[in-house]
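Written below as structure tokens is the structure these notes are about.
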Amino acid sequence: MADLSTNPATDSRMEHRTLGAGGLFVAALKRDLMLSLRRKSELVNPLIFFLMVITLFPLGVSPEPGFLAELAPGVLWVAALLATLLSMDSLFRTDFDDGSLEQLLLSPQPLFVVVLAKVLAHWMLTGLALTLVAPVIAVMLFLPAEGMLGLMLSLLLGTPTLSLVGAIGAALTVGLRKGGVLISLLVLPLYIPVLIFGTGAVQAAVTGLPLGGYLALLGALLALGVTLAPLAISAALRISVSG
Amino acid sequence: MARLKTVGQSWRNCSVTRVGSRCLSGALLKVENLFCERDDRVLFDGLSFEVGSGEVVQIEGANGSGKTTLLRILSGLSRNYEGDLYWRGEPLAAVREQFHRELLYFGHQPGVKALLTPEENLRWYCALHPSLDPARVMEALEQVGLRGFEDVPCHMLSAGQHRRVSLARLYLSDAPLWILDEPFTAIDKRGVAAKEALIGRHIARGGSVVLTTHQDLQSLGAVRAINLDQQSGT
């Protein structure tokens, strides 16, 4: 076993190479995507939930096309919102259980960069996936073709906000054994504006009204979320681990 | 302030000149009047000690006496305490980022992702600690006897191998302060001897170690013990 102090490799460590915030962000994103892809059952959970709600809804209410078309914007958005919420609890859970979160908090690297990457990875596998399958599923609810663009754009702008806000709740409750219900209580009130503007955008698109205003509001909420949520998530994680 | 800064950067020089005189000029970590209470039970009250360079401090105590709690407070993970912590003479809260750069914490949970391979786990650790060289990951895995297992997901490894993945960080690390919580659990005899030798080399370079273990540290000469059973006043 080589003596570390005389190891030539120690000299190369002397010069401080810094992995920039961008490099760290990419590394964290890759790691989280890789972890999710190796846990396939959890990966498809939100999508299956989304699909189930939409297929069961006409059976429970009425299969009448005109009636369903009227309800479609709201039902699609509520289903997407609940699917995101259900997947939120696991965001920091495994990291907390296996000690990775402790190591993350003890890193000299900026925590919000890693947190933002984790949320982005989560969104790519829930919100983005829901956005991509939404038009196909919307057809099952007889959503008029004019509404499709509004649906996709509003989900594209709205679901990242849902992931960011949900991550604050997940970070606050990760130290608790049963945090699932608490997350819903904490986060649902904050989801309401996104839901209102999201369904508003789809309804405006269906009736042929301009939807720029709704999308601008969703974009503003997203901008607010991207800038402030990572700081709140970081602080919440420190409190949870300290507990 | 300026003087303390130079002390702060001098540790790297120590590894070249062995234990340089400047390194011994002050305690690395200083704990003053630490008080911690958990579930209405006082774990320790008025606990004060210093950790100087080249020193091994062993925290002793029965199960539930607060060893892990103390290590979590020292590492900055837990804030449920009263008292003062100083890193190189400055309040720890003020120099937290520098402190984390110079700290290696081996916790109760090893911080190894079961779905990632040992190599991926260590590369992520290098990403979190930018002063570490990712090119030395394989070398570190070889040192802990995991060569040939680098591409096997960690959930396929045994409990001891799982912990060895985390212990490989000790071979990568350039941090002066090591805080190790039960580092020898599930490690075989030869592994324990190798880790003790590693700790010996670390303190010879001027580093310091705070650890808990139920094993006797035979090969290490000067080990200072702090017993938490006497602290709780029972």
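Values below: every heavy atom of this structure, side chains too, minus hydrogens, waters and symmetry copies. Given the structure is predicted, the values throughout are model-derived calculations rather than measurements. First the proteins, then the strands, lettered A, B, ... as listed; each starts at 1.
- For a residue to count as touching a neighbouring chain, one of its non-hydrogen atoms must lie under 4.5 Å from one of that chain's; by this rule A:L104 touches chain B with backbone and side chain alike.
- A:L76 is not listed as a side-chain neighbour of A:L155, based on a closest heavy-atom distance of 4.5 Å or more.
- Inspection of non-hydrogen atoms places A:R38, A:R39 of residues 38-56 of chain A under 4.5 Å from chain B.
- Under a 3.5 Å cut-off, the side chain of B:T212 and the backbone N or O of B:E182 do form a donor-acceptor pair.
- Both the backbone and the side chain of B:R79 come within contact range of chain A, judged by heavy atoms closer than 4.5 Å.
- Checked against salt bridge (Lys or Arg N to Asp or Glu O under 4.0 Å), B:K67 has no partners two or more places apart in sequence or in another chain.
- Highest contact tally toward chain B, considering only A:V114, A:D98, A:L35, is held by A:D98 [criterion: heavy-atom pairs under 4.5 Å].
- With a 4.5 Å cut-off on non-hydrogen atoms, B:R123 does not touch chain A at all.
- Counting heavy atoms from C-beta outward, B:R88 and B:P176 have side chains that approach closer than 4.5 Å.
- For a residue to count as touching a neighbouring chain, one of its non-hydrogen atoms must lie under 4.5 Å from one of that chain's; by this rule A:D97 touches chain B with the backbone only.
- Here the side chains of B:Y125 and B:V137 are not in contact, with every heavy-atom distance at 4.5 Å or above.
- Taking a 6.0 Å sphere around CE of A:M34, one finds it holds more than 12 heavy atoms contributed by other residues, nucleotides or ligands.
- For B:L103, the part lying near chain A is the side chain, with the backbone staying farther off; criterion is any non-hydrogen pair under 4.5 Å.
- In this structure, chain A has no heavy atom under 4.5 Å from any part of B:E142.
- For the pair B:E120 and B:K113, the salt-bridge criterion is not met [side-chain N within less than 4.0 Å of a carboxylate O].
- Ranked by heavy-atom pairs under 4.5 Å with chain B, the first of A:A28, A:S242, A:G99 is A:S242.
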